[in-house]
Amino acid sequence: MSSASQTLWYKHPAKSYTEALPIGNGSLGAMVFGGVEDETVGLNLDTLWSGYARSYTVDDKRESFAETRRLTKEGKLLEAFDYATKHMTGDRCQAYLQLGRLKISSRVHICAKKYRRRLDLTTAVTDCAFETGDTEYTREAFASFPDKVIALKMTSQGKKKLDFTVTLNSDLRYDVSTDASTLTLSGLCPSAITETDGEPVIEYFDGEKRGIDFTCMFRVVTDGSVKTDKKHIHISEASEAMIYLTAESCFEDPHTAPCLSKKDHRGICAARLEAAVKKGYEAVKAEHIADYTQFYNRVTIDLGKGKKENVPTNRRLIEFLHNKRNDNDLYALLFNFGRYLTIAASREGSQPMNLQGIWTFTVLSPWNANYTTNINTEMNYWPTLVCSMPEMYQPLIKFMEELADEGRETAEKYYGARGFCCHHNTDLWRITTAAPGNPVWSFWPMAGAWLCRNLYEHYEYTGDTEYLKNTAYPIMREAALFCLDMLDEDEDGYLMITPSTSPENNFLIGREDCPISRTTYMTMGITRDLFKNTLTAAEILRIGDEVTEGIKAVYDKLLPYRVGSKGQLLEWYDEVKEAEPHHRHVSHLYSLFPADLINVRDTPELAAACRRTLELRGDGGTGWSLGWKINFWARLCDKDKVIKLINNQLRYIKPNARPGRGGTYPNMFDAHPPFQIDGNFGAVSGIAQALMQSYGNRIHILPALPDGWSTGHIHGLTAKGNVRVNIDWENGRLTRLTLKGKGKFEIIYGEKTVEVTLDGSEKEISI
């Protein structure tokens, strides 16, 4: 791969968060600005959230749900909407918080020349270099997973020596102390954050409601002079200086109040720094690169001509915006950057990626930077398995186990149902109740069932039956129990979950918005998909019980898909007038993607209805919405629409743009706007789906290859069934295909289909 597809670089320091460069090791994250005289590194720790264990209540809403259902079945939808608004909402999620900022301030004037800063995706190291007079300055930084530290190295070559001050600060409650060459920030997260007129209301409590305590600590190693005062460390007369930084909190699990934690987070930080310093900078760096590249190097991509090694990334995006789209390496860069973000933000032992990965920048982030589970959390992990990184999936699996624990009470007290459920938002404490506010987003208990698709896909890609037996199936079974208990029969004898909403979208009754319908086709798609996967898993595990028998008894009675008067797949139970015909959510196409209940080969009429739905919805949208649409069009094998939607997602968005159409910021972060990381992962998944799809025992090769990507390769993707796939093509035609795995598969390329049996060795396939 060329450097233009694996390096972000710029000719000036970052002025805003969406120009800075992200590094991370799953738990620790940092945004590096690359300043000259004053450098800022925004710091994050994945367990820094407001709140405390069970900082919400699960009220008994069974009678309220029964009344909402009664009104809905009687066709009194606006009355049901009004009633649910008053009676079916719950508590606000807590917020993910920025830890603080590392500040490095030079004590001499520097007039920089020949400035350059980079993020090298092949090593996960960011650096910057510049000159002033007869001295060259360099800095580099990375976040090490093996050593659990962020390491920074500063050097000076020439007449002038390094002379700077370094400290830490935070918008949370904190104290700073110094000891020799070590500085320690001791902090406390709020017990609650609410919002009034767009401004955060921050509350700190004592006792059992005390928030999360944390420590952030760094140590300086230098060949120069070190002096300290109460809040700063001063380095002078140095040709090099290394800063090792780490952080840890008292958080242990979502069921334990922070005030009861016995975790020695300060001691953990001190031990990490001691080990890193003893090991030495170059050894820490080498182990970091070795750890990172074992995952990153599993996949390589080349999309052919259009290399831009000498054009800064921000300029490439601007040129791309102005129709100079001869930059195929920009597509590859988008793909590689998303894989990089996954490795940087989701590692074993970390929390799963939230709305901003791990890189929030304020106390009150957009949407609290929480886990929005009506699409965004799921989308974060769409490319992880197909891009051969199952290790990065572990935080999501643990997240699901914890949600299932919390969601049982919600299922019982909200709906009188067995099993578990979760609504559209959750947080570190795994809240599963409905959020406050409009039922258009809050009254939707299908998140647990949707996340079971992610859970099951880990088995589909890895073939790990022990995982399926001990982890995935028990959770899927409980989600299926919930859906079974929620089913209700209509006048035609069809079973459905009543009432239901289609996340964040309304239809019109007269001139009034209404989100509540008898059911919705997203809800039924999720239910059908969960039932199908649960039965398949039970068959693999040779399990038969009341749940499997219950699913078999109702499956053929589930409400079938319906096509509307415009040829579109219906979104709500009845064909109604949409309040926003171009709404960003396209939830009713869940069955097309991420599920595979609808596809062009087995259900061509329904696939055509999905196509018509997308045509009516349009090709615009927020960043994550564009990412989802890329995947839809790839599943419909429409190469022209795939490239159009990727191009739309690569629209240059100015760093401080107001909310509007989606695109890409100068640092390649997805622009909702504001910044949301899910669109990055949606784009990676969409590119992968355009080049290789797998469902059941089928592997579809180059199903939606854009004309502009006429020659190239993608090596190292994983197909379901744990098959490693290498694809090469020239002039738009497949030239080489190798597969490595075990089992019988159907390989599809264009109009051709071949059946192959794989024995575990790499095999070249002729097709």
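Here the structure is a predicted model, which is why all the values come from computation and not from measurement.
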Ring centres under 6.0 angstrom apart ([X], [Y]):
X: Trp382; Y: Tyr393; value: no
X: Trp450; Y: His424; value: no
X: Phe65; Y: Tyr415; value: yes
X: Phe361; Y: Phe675; value: no
X: His585; Y: Trp624; value: yes

Check: [X] side chain, [Y] main-chain N or O, donor-acceptor pair, under 3.5 Å:
X: Ser517; Y: Tyr573; value: yes
X: Gln676; Y: Gly623; value: no
X: Ser442; Y: Asn438; value: yes
X: Asn631; Y: Gly682; value: yes
X: Asp91; Y: Pro436; value: no
X: Trp628; Y: Phe593; value: yes

Q: Please lay out, stage by stage, how Thr372 and Asn370 fare under the test side chain to side chain donor-acceptor pair (under 3.5 Å).
A: CA-CA 6 Å; Thr372 303; Asn370 58 24; 3.1 Å; yes
How many angstroms lie between [atom1] in [X] and [atom2] in [Y], if you round to the nearest 0.5 Å?
X: Asn425; Y: Leu355; atom1: CG; atom2: CG; value: 8.0 Å
X: Thr613; Y: Glu571; atom1: OG1; atom2: CD; value: 8.5 Å
X: Ser625; Y: Arg617; atom1: OG; atom2: CZ; value: 8.5 Å
X: Lys398; Y: Gln351; atom1: NZ; atom2: CD; value: 7.0 Å
X: Met88; Y: Ile516; atom1: CE; atom2: CD1; value: 9.0 Å

Q | Geometric cation-pi criterion Arg528 and Tyr561, 6.0 Å radius, 45° cone | A | yes
Q. Under 6.0 Å from the six-membered ring centre of Tyr414 and within 45° of its axis: does the NZ or CZ of Lys61 meet both?
A. yes
Q: Show your reasoning for whether salt bridge (Lys or Arg N to Asp or Glu O under 4.0 Å) applies to Glu378 and Arg453.
A: CA-CA 9 Å; Glu378 294 88 346; Arg453 159 148 287 281; over 6 Å; no
Q | Non-hydrogen side-chain atoms of Tyr17 and Asn656 separated by less than 4.5 Å | A |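 They are not in side-chain contact.
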Q) Using 4.0 Å as the upper bound for N to carboxylate O, is an ion pair formed by Asp638 and Arg611? A) yes
Q | Test applied, salt bridge (Lys or Arg N to Asp or Glu O under 4.0 Å); reference residue, Glu406; option that passes from Lys413, Arg430, Arg54 | A |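 Among Lys413, Arg430, Arg54, the one that satisfies the salt bridge (Lys or Arg N to Asp or Glu O under 4.0 Å) with Glu406 is Arg54.
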